[in-house]
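First the structure, in the form of structure tokens, and then the observations on it.
Every chain is numbered from 1, with letters handed out A, B, ... down the list of sequences.
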Amino acid sequence: MTSLLSISKLRVHFPVRGGVMLRQTGAVRAVDGVSLDIAPGETLGLVGESGCGKSTLGKAVVRLLKPTSGNILFEDRDISHLSQRALRPLRRDFQMIFQDPAESLDPRMSVRSIIEEPFIIHSLGNRAERTRRVNELLDRVGLPSSAADRYSFEFSGGQRQRIGIARALALKPKLIVCDEPVSALDVSIQSQILNLLVELQKEFGLSYLFIAHDLSVVKHVSDRVAVMYLGKIVELATAETIYRDPRHAYTKALLSAIPTPDPLARREKILLEGDVPSPIDPPAGSAFGHRISHPLYQETIGMDLALAEISPGHLVAADPCCLSTEDWRKIGHGIVPPRIPG
Amino acid sequence: MNGHPENILEVDKLITSFETDRGLLRAVDQVSFSVPEGKTVGIVGESGCGKSVTAMSIVRLLPQPAGKILGGHVFFKGRDLVRASDAEIRRVRGGDIGVIFQEPMSALNPVHRIGRQVAEVFRLHKNISKRDAWDAAFEMLRLVRIPAPEKRMMDYPHQLSGGMRQRIVIALALACRPSLVIADEPTTALDVTVQAQILDLMARLQSEMNMSIILITHDLGVIAETCDEVVVMYAGRVVEKAPAEELFAHPLHAYTKGLLRSIPTLETPSKSVLHTIPGMVASLAEHTHGCRFCQRMGRISSGGGVSRERPAFAQISPGHWVETCHYCYQP
């Protein structure tokens, strides 16, 4: 076993109902055929714009959502279609940290009850042991033990995120899905939380699925990065490679759009027209090709645009609209005659 | 004071307070800066530092009745807006000063069509017919590069994407060809690729119309890419201000340095320990004397020879001002 988590062809669709009888009239294809894996101790960064399905993917991984199809192997066991009851003992191993700790922490529970709850649910330890563990956890995430008897709303955003992390850590999980864990925080607090997450990973050998829209933050914490666009992964490589040598046109545009905190380094930006298309009835062919009105768009309808390896460990969607001529020659399926502009 | 004709706006020792249950909170504490004609001035700081309140004080859009301007001047084209009548300020606001808010959905009226909302600005500020206002609105949508403007005029705000909505808000703000635009976190709610579109649009319109812009943001990357001058605020005060290139190359205040070092960039080695600023942003309710950043660093309570006087704000090199606290001023 080399991977802790292995997802294959995962789909999460939400029905769209309409009409008098509320019949299903369509589907939001939030996650549409995603395959990826995460090794023990690894951080996989997941980036993409709002509505691309990254949060849905994160929730499906920890089975807060039921996938429509596909498999999720956690330590070689398929959890994609287990019942909530069957999942419960397994949940110790995968936890989640949410973007807004104010919304994910119950305001009527003391910090102690919030962190203690996982132990109670899993019938672990007696009261004294639980108290000891809560104090240990608070200490580990940098909060005083006096915090235990207060309520989450008494704390600032950064401290609340520490409480969320303490709860996620309680059962010594192997995987934590971090959904935009720092995007609601101020710059100076953001770096405190990022440092904590990196330290905890080293200490406990955690794996992270790190979901964020801030590409600099993702680069900082990730070993590998997956770029998601309209429900699909379009490029996946080591963090270093994806930032130094992006191959997919969308990744290039996304990277060029990051503002750099250096007025002397104002770069030429690739400005995209329009917005991300709707995941309800997405374009039949290349979604990104459609957005940029690529001349080859029509040809991509019905074509297999799955990821292909362009160099060892570097996967990119085999999409003639989004690759350079040279890259397309390398991994294309030869379906489109080589009349590629540029 | 008001002796620099090249400055379109001069904010001088502005003090804005809020009446709360815990007493009077000074959200803006003697803030001074100026905006040269045709330039972009960025105000940067963390949540609660008073950057938005400063901007809203300029156009007197403070929450009522709690918010009050207690002192200082805001000279706009030589006229003091703090002392202007309500009728006067209404003419200026949306007229010669445009305002762009962070969340376009809350700046637009959900029950009126886009066309009507944009046309309304012309009806209010220029004495023109409905027909002409409608045509002017159409021109504005074209100017902010809305695709198929004739179709969008008939849409409601919820039918547009976030980026398109923000373009509408920009159209509203620019309708009367203002000489100053105040943009409060105009791209914070948007995705990076859409942010790049909007910033590009603002820069183009700025040079076409020769406007000045006050850009409020917490994002130092956006500041670096768009601003000519930067004002760094902390706990209601300006701790440093300088031309953008100078500020990023030679930050002098410990807070500015800390902020710049805290953000990971694409060049930061992966998983390295990032610089952090201990503690959290100062609460306005505590302590109003001495250096606010020393207070955050825990230097005030320990005594230790830290002055309880407010440090002087001094010019160190041409255009580069900093609060010269004994500890925080680090040349």
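- B:E245 contributes no side-chain N or O that, together with a main-chain N or O of A:L264, makes up a donor-acceptor pair within less than 3.5 Å.
- Here the OG1-CG distance, from B:T276 to A:L194, works out to 11.0 Å after rounding to the nearest 0.5 Å.
- In this structure, no portion of A:L197 lies under 4.5 Å from any heavy atom of chain B.
- Side-chain contact between B:T193 and A:R291 is present, with heavy atoms from C-beta onward closer than 4.5 Å.
- With a threshold of 4.5 angstrom between heavy atoms, A:K269 approaches chain B through side-chain atoms but not through N, CA, C or O.
- Judged purely by atom type and a 3.5 angstrom limit, A:Q192 uses its side chain to pair as donor or acceptor with the backbone of B:I277.
- Annotation: the span from B:H218 atom NE2 to A:Q190 atom CD amounts to 8.0 Å, rounded to 0.5 Å.
- Contacts between A:L271 and chain B at a heavy-atom distance below 4.5 Å involve the side chain alone, from C-beta outward.
- Against chain B, the residues from residues 220-228 of chain A that qualify, each with a non-hydrogen atom under 4.5 angstrom away, are A:H220, A:V221, A:S222, A:D223 in number order.
- For the atom pair CG of B:L274 and CD1 of A:I193, the computed distance is 12.0 Å after rounding to the nearest 0.5 Å.
- More than 12 heavy atoms of other residues, nucleotides or ligands lie within 6.0 Å of CZ in A:R244, so this atom counts as buried by the packing criterion.
- At a 4.5 Å heavy-atom cutoff, A:E199 makes no contact with chain B through either its backbone or its side chain.
- Looking only at side-chain heavy atoms (C-beta outward), B:T265 and A:S216 stay at 4.5 Å or farther from each other.
- Closest heavy-atom contact between A:A257 and B:V192: CB-O, 3.6 Å.
- Only the backbone of B:P269 comes within less than 4.5 Å of a heavy atom in chain A; its side chain stays farther off.
- Using a 4.5 Å cut-off between heavy atoms, B:E46 contacts chain A through both its backbone and its side chain.
- Side-chain N or O atoms of A:S191 include none that pairs as donor or acceptor with a backbone N or O of B:I263 at under 3.5 Å.
- When all heavy atoms are compared, the tightest approach of A:D262 to B:A224 is N-CB, 3.4 Å.
- Atom NZ of B:K271 is separated from atom CG of A:N195 by 13.0 Å, given to the nearest 0.5 angstrom.
- Summarising the geometry, atom OG belonging to B:S270 is positioned 6.5 Å from atom CD belonging to A:E240; distances are rounded to the nearest 0.5 Å.
- Shown here for B:G221 and A:P259, the closest heavy-atom pair between the two residues is C-CB, 3.3 Å.
- Of all the heavy atoms in A:S50 and B:D191, the pair that sits closest is OG-OD2, 2.6 Å.
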